[in-house]
Amino acid sequence: MKPNTLVLGFYSRDLPVNTLDTLHRRLLRKRSKVLQYIFRDNSLEKFAVVDGKLPSLRKDPQDQELSAEEYVSLIQDGVTMGKNVCVMRHFETFDKSVLKARPFIDVWPLHITRNGELDNTCLLMLQLACILHMKNKWKATSIRVFLIDANNVRQNEQIIHQILADSRIEASVHVVDPAYANQCFTVEGQTTFMESLGSQNPSTEFYTAMNSITKQYSQDSSLIFTALPTLPCDQSEAEDFVKSMDILSGNTGPIVMVHGTTQVMMTSI
């Protein structure tokens, strides 16, 4: 199969943590030298080899060699090449032991359709959630789809239910209270959250509101899928794009920001 999805970590100047070293020490405590000899277990040696080949970690926030412009260029190049893009954040906080306590995979599509066609980003998020749910460790979870466009809520509900039925995806559909959404949107004037949702280039306030809504409704989820902010047309807007990603995903649990470029579902032969 031809790879069609580019997966990136979140752009940050924060100092990284060597989780391989932590895992290595944990394995050392569990495995005695006798057991390693009996089972010919050389995984600890492999850890040392891999760790030795990796570049040294940054000691200072200013040591980040990749600029925001270069990072955004990676995303734009992927889209230009016809690849879907996923940006992952907060996965260092993921704990599979709490899947039963937080038994949901949440999908937050901003748009169900675009120009009369099903939105590729929405379809990709549903497919990724479905594939993950099929894994043994995740079968105890449930998929939830949250709709936020109150202007076309009935139509969007019908479309989502049809997509789920055609794709044989088991998921529940929930509608966000438009009054609460508008309450989270703090822009003064007549513009509301729902009006900003239809904008080609949503404001920082929109992503702040979206973050608040997501944290309120998905506080008991193990993983969140949401749409990646609108890609900038000019490199001078790269910092603003990274800031929008930061605001959208700030202080959530593990989250995947998705941009669908190609069609990933076929409902007919």
Donor-acceptor under 3.5 Å ([X] side chain, [Y] main chain):
| X | Y | answer |
| --- | --- | --- |
| N211 | I247 | yes |
| T141 | P103 | no |
| Q162 | E157 | no |
| Q219 | Q216 | yes |
| T261 | V79 | no |

(request) Verify the distance criterion only: is there a donor paired with an acceptor across the side chains of S249 and R89 at less than 3.5 Å? (result)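 Yes.
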
(message) Can you see whether W138 engages S222 through a side-chain donor-acceptor pair at a distance of less than 3.5 angstrom?
(response) no

(request) Would you sort out whether H174 and S172 count as a side chain to side chain donor-acceptor pair (under 3.5 Å), showing the intermediate values? (result) CA-CA 7 Å; H174 306 264; S172 58; 2.8 Å; yes

When you compare the side chain of [Y] with that of [X], does any pair of heavy atoms fall below 4.5 Å?
| X | Y | answer |
| --- | --- | --- |
| E65 | E70 | no |
| I159 | I112 | yes |
| T214 | F146 | no |
| Y217 | I148 | no |
| T230 | P202 | yes |

(message) Let me confirm one number: the CG-CD distance from D234 to E69, rounded to the nearest 0.5 Å.
(response) 10.0 Å

(request) Measure the spacing between CE of M210 and CZ of F206 and express it to the nearest 0.5 Å. (result) 6.0 Å

(request) Flag the pair D220 and R102 as a salt bridge only when some basic side-chain nitrogen lies within less than 4.0 angstrom of an acidic carboxylate oxygen. (result)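 Judged by the 4.0 Å cut-off on N to carboxylate O distance, D220 and R102 do not form a salt bridge.
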
